[in-house]
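In what follows, a structure is listed as structure tokens, so that the remarks can point back to it.
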Amino acid sequence: MMYNFSEIEAKWQKYWSANKTFHATNSSDKPKYYVLDMFPYPSGAGLHVGHPLGYIASDIYARYKRHKGFNVLHPQGYDSFGLPAEQYAIQTGQHPAVTTEANIKTYRRQLDQMGFSFDWSREVRTSSPEYYKWTQWIFIQLFNSWYNKSTDKATPISALIKMFSEDGNANIEAVRDDSEFAFTAQDWNSFSLQKQQQILLQYRLTYLAETEVNWCPELGTVLANDEIINGVSERGGFPVVRKKMTQWSMRISAYAERLLQGLNKIDWTDALKESQRNWIGKSVGASVVFDLENYDSTIEVFTTRPDTIYGVSFMTLAPEHELVSQITTEEQKAEVETYVLATAKRSERERMADVKTISGVFTGAYAKHPFTNELIPVWVGDYVLAGYGTGAVMAVPCGDQRDYDFAKHFNIKIPNIFEGVDIANESYTDKVNAIIGNSDFLNGLPYKEASEKAIEALEAQKHGLGKTNYRLRDAVFSRQRYWGEPFPVYYKDGMPQMITKDHLPITLPEVEKYLPTEKGAPPLGRADVWAWDTLQNAVVKNSLIDHKSIFPLELNTMPGWAGSSWYFNRYMDAHNSDEFASSEALNYWKEVDLYIGGSEHATGHLLYARFWQKFLFDLGIVPVDEFAKKLINQGMILGTSAFVGRIEGTNTFISADKVTSETVQWIHADVSFVNSSDELDVEAFRSWRDEFKAATFITHDNNLFKVKREVEKMSKSKYNVVSPDAICEQYGADSLRLYEMFLGPLEQYKPWNTAGITGVHGFLKKLWKLYIGKDGLTVIDADPSKDQLKTLHKTIKKVTEDIENFSFNTSVSTFMIAVNEFTAQKCTSRSILEPFLVLVAPYAPHIAEELWEQLGHENSISTVAFPMFNDSYLVESTKAYPISFNGKMRFTMELSLDLSKEAIEEAVMSNEKTQTQLAGRVPKKVIVVPGKIVNIVG
RNA sequence: GCGCACGUGGCGGAAUUGGUAGACGCGCUAGCUUGAGGGGCUAGUGGGAAUUAUUCCCGUGGAAGUUCGAGUCUUCUCGUGCGCACCA
């Protein structure tokens, strides 16, 4: 019998599905284990070979945990709202729901053919109304909550209203907008309903505010900070400009400190934690208030160096700072206005790209030093960012290089306040070694003490206080798009109102065009939307409509990260129509034990999800405040793109090895046109696109045409995508699974190449031959030999350790060694080959199931316990390395393991060679490690 | 600029806690096997030198250090990749 993988794989996939082998129950005697993959966005291109990498790893782990006796939850679903489906809809007019559904079908087929042990009965899709009903519901909870700093948690807004009406807001410690003011209980009760609503908006965890947002005109929508890379949109690479708009925001800043602290208790990679810490950007320092000369206002700045307060020689305001227009003197007015206008015109990108040019202008105004009362000139400079701190800095040129450069450029004095430091050429930014001088009461103190003392003094005269600043901004939550979750919001007298839970979900209406309008109004705002069924249903049923004036619904939709910020909780109870998930399910599964996904989500999904989880925890809805205990980032599998060279301005292509001095444009060619020797199938390329039909080709010898190769991210637009389908067809899913693991460490980025796949495929064939001969099963009930036991147990040990450490690549090697050894040992013993099969099962489940059945078992191999290894089979002798004191002579001894530790020591010491080497010297001790090495320490 | 990874044969990569570097696979070389659905088996394969029962020397980007012993630990340096970036 031959190893017929296609038959075997189809058979067992059908079996698993029919028998619901991987169905997880929400209660069990076994301990629970939750293994989760980051769910995919179902794109039109289907899965490529990079997608399954993480899924294979998590599947191996999930299967391993089942063998180890855990009740394993291993679900899968789709992050199915998103831009590509919408852009496709804009181009073709096809409804995103239709294309999404088709794409999901493809994904499911591809996932199934790889034999993953997902519990599909728990599938979720973020774009299905049954799911996004609860996304909307969470939004409402956020709207109905505020962040109480004194208890350090989110609290219902009703409690706040009660406090307002009883005591006003004087004693309330909350994270809120700064524009709010103090009022008494009496004030509050006299405010109009609308006024009260306006005030409450400044406290809510999701709030509507006019904010300066990142507007991407090309995409017609706003973007969050993490969706912008180097000043252009992450998707599409379009320019992004700043624009003031009224938008929903998420008050994630309220959770900055807890998001930071929470990192300490989760087992995520350091790199990923570091980038979250970076993104949160905590800096400890002081807020300092400078009075203005001849002007009844103050400038508040944030500084991390209050110790350098005596080194201040000017102040700088961001060009967008509100004080700029107010304090500028008549003489300076023209100049300042010109400058501010000029900076406003520059795009964010230009400003970022050009950090070297120093520019600024004097306002003519002066601030007063809080301690010396010295007059300090106030400047405007674009190196100060409006969005960070207060948008103003106290400039200490001797202690900050940017201030130093600015001062030098504009000839502002640079007082030196550091002891024994030369600042003739550059500033002195060393915090650790700095000793303050020339600073009155701070003289002689190092950074820390000087800072504390300065803050104390500032607080005493009410010119400042210690303060911690975070870089983390509130996240803009509105998108002017069609294919996203609608908000459960309507407006009454201009104030947002939540639609009640009974009327959820608010579903997407049909529209004729998915394009945002030219002015940036969302697609839901197109006229035909007013036939929106939901509007009728939700609002009419709710009797909120008087049939004359329609209360407008919110027309924006939620961003891509809304649905993915809580889906891991939904898997626990995926079909609950009454609740987000039942508390029984939530309390049983608690959190994800192992989460596998790409590191590109570090500052997006993984931060937002932690935020929502903490919020839901505060409300008592979920039992844990971190959703994923352990997280592993699988590395990306890269594609090897092929480029053909076209001589600029012509339709002549030139073989890559012929290119010398010509100016050549490199154009992506589909990798399927290129063979392994980098030669292009010219005819296939010609007929690829019309523009190439008439092209001429300057070829290499023998009419061969070479392409240039380059490794890049796999992407449809780079024509370097390799689908797993062809591999599955040619070698089978088990080969693909093993090969992707064999390729290298899970976390590593690696280019895809199929050169080595014959190796793992050969392994599977050998494995098969180990059990099945020409006439069927060759395994018999024979006593195993010592060698066979040794091979088995060292394999069990290694594979167990490898899986626990996620070193899946080395276990594949271990299997190969084992099969080679068993073959050499002519092993036919059932007591060896059965447990060995269980070891292989998580990696190559189809062949394992088939052989298990051939061995005469009726149960699925996935229900069998993982074998335990036994040390005593492992080593029969100990290698001894008595050291040599002259560095040249080294030798080994074979010692029986039966000997006790003491006996081994004795044997080593009495050994003739040891004696010779020690040459009469007496060693301090002999270190014996069983199975390994003997150390003699002299 | 700041932070975090990582540098091992022709290639992907092994190497336990500091203990025979290069496992395993690909590729390559030689041989055997008519074997015919991407073959199977055997031997060899880091570099160099002499010599063929083998022996010696050098070898983990580079330089130094700790140690009886370093791919592994420390310092410096070069290179590559990633993240953040005028963050006060």
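No hydrogens, no waters, no symmetry mates; every other heavy atom, side chains included, goes into these values. Numbered from 1 within each chain, the chains take letters A, B, ... in sequence-line order.
Residue Asn809(A) is classed as a sugar-phosphate contact, given heavy-atom separations below 4.0 Å to backbone atoms only. Using a 4.0 Å heavy-atom cutoff across all strands shown, Thr758(A) reaches sugar-phosphate atoms only and no base atom. Backbone-only engagement by Gln748(A) is indicated by non-hydrogen atom pairs under 4.0 Å involving sugar-phosphate atoms exclusively. Contact annotation for Asn820(A): backbone-only contact, meaning every heavy-atom pair under 4.0 Å involves sugar-phosphate atoms and none involves a base. Looking at heavy-atom distances under 4.0 Å, Pro745(A) makes contact with sugar-phosphate atoms alone, never a base.
Where Glu274(A) and Lys798(A) each meet RNA chain B at their nearest nucleotide, the meeting point lying more 5' is that of Glu274(A).
Atom pair Phe815(A):CZ and rG13(B):P shows a separation of 20 Å (rounding to whole Å applied). In this structure, Glu821(A) places its CD atom 11 Å from C1' of rA23(B), rounding to the nearest Å. Taking atom OH on Tyr731(A) and atom P on rG25(B), their separation rounds to 17 Å, with Å as the unit.
A distance of about 36 Å separates the C1' atoms of rC2(B) and rA21(B), rounded to the whole Å. To the nearest whole angstrom, the two C1' atoms, one in rG18(B) and one in rC28(B), are 35 Å apart. Comparing the same atom, C1', in rU29(B) and in rC82(B) gives a spacing of 41 Å after rounding to whole Å. Rounded to whole Å, the C1' atom of rG81(B) lies 27 Å from the corresponding atom of rG27(B). Nucleotides rA70(B) and rG62(B) place their C1' atoms 16 Å apart, quoted to the nearest Å. Distance check on atom C1': rU8(B) versus rU60(B) gives 4 Å, rounded to whole Å. With both ends at atom P, the span from rC41(B) to rG47(B) equals 26 Å, rounded to whole Å. Comparing rA14(B) with rG25(B), their P atoms are spaced 15 Å from each other, to the whole Å.
Although no hydrogens or angles enter the test, the distance criterion places a donor-acceptor pair under 3.5 Å between the side chain of His793(A) and the main chain of Asn870(A). Listed for the Lys797(A) side chain is no donor-acceptor partner under 3.5 Å among the backbone atoms of Phe869(A). Side-chain atoms of Glu9(A) come within 3.5 Å of backbone atoms of Ala733(A) as a donor-acceptor pair (strictly under, hydrogens ignored). Between the side chain of Asp802(A) and the backbone N or O of Ser811(A) there is at least one donor-acceptor pair closer than 3.5 Å. Side chain of Gln276(A) to main chain of Ala602(A): a donor-acceptor pair is present (N/O by atom type, distance under 3.5 Å, no hydrogens or angles).
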Quick one: do His761(A) and Tyr739(A) satisfy ring-ring contact (aromatic ring centres under 6.0 Å, His included)? Show the steps, please.
-> CA-CA 8 Å; His761(A) 189 63; Tyr739(A) 186 59; over 10 Å; no
Mind running salt bridge (charged side-chain N to carboxylate O under 4.0 Å, His left out) on Glu600(A) and Lys713(A) for me, showing each step along the way?
-> CA-CA 12 Å; Glu600(A) 65 272 21; Lys713(A) 194 170 161 177; over 6 Å; no
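Using a 4.0 Å cut-off between charged nitrogen and carboxylate oxygen, Glu274(A) and Arg277(A) count as a salt-bridge pair.
For rA5(B), the OP1/OP2 oxygens have no side-chain nitrogen or oxygen of Asn633(A) closer than 4.0 Å. Not one side-chain nitrogen or oxygen of Arg471(A) sits closer than 4.0 Å to the OP1 or OP2 atom of rC84(B). One finds no side-chain N or O of Ser813(A) lying less than 4.0 angstrom from the OP1 or OP2 phosphate oxygen of rG13(B).
Counting heavy atoms from C-beta on, the side chains of Met38(A) and Leu606(A) come closer than 4.5 Å.
Taking only side-chain atoms of Trp279(A), from C-beta outward, the nucleotide of rC84(B), rC86(B), rG83(B) with the closest atom is rC84(B).
Listed by residue number, Val393(A), Arg402(A) are the residues of residues 389-402 of chain A with a heavy-atom contact under 4.0 Å to RNA chain B.
A stem is defined here as three or more consecutive Watson-Crick or G-U pairs, each with both distances under 3.5 Å; for RNA chain B these stems are B:1-7 with B:78-84, B:10-12 with B:24-26, B:27-33 with B:39-45, B:46-50 with B:54-58, B:61-65 with B:73-77.
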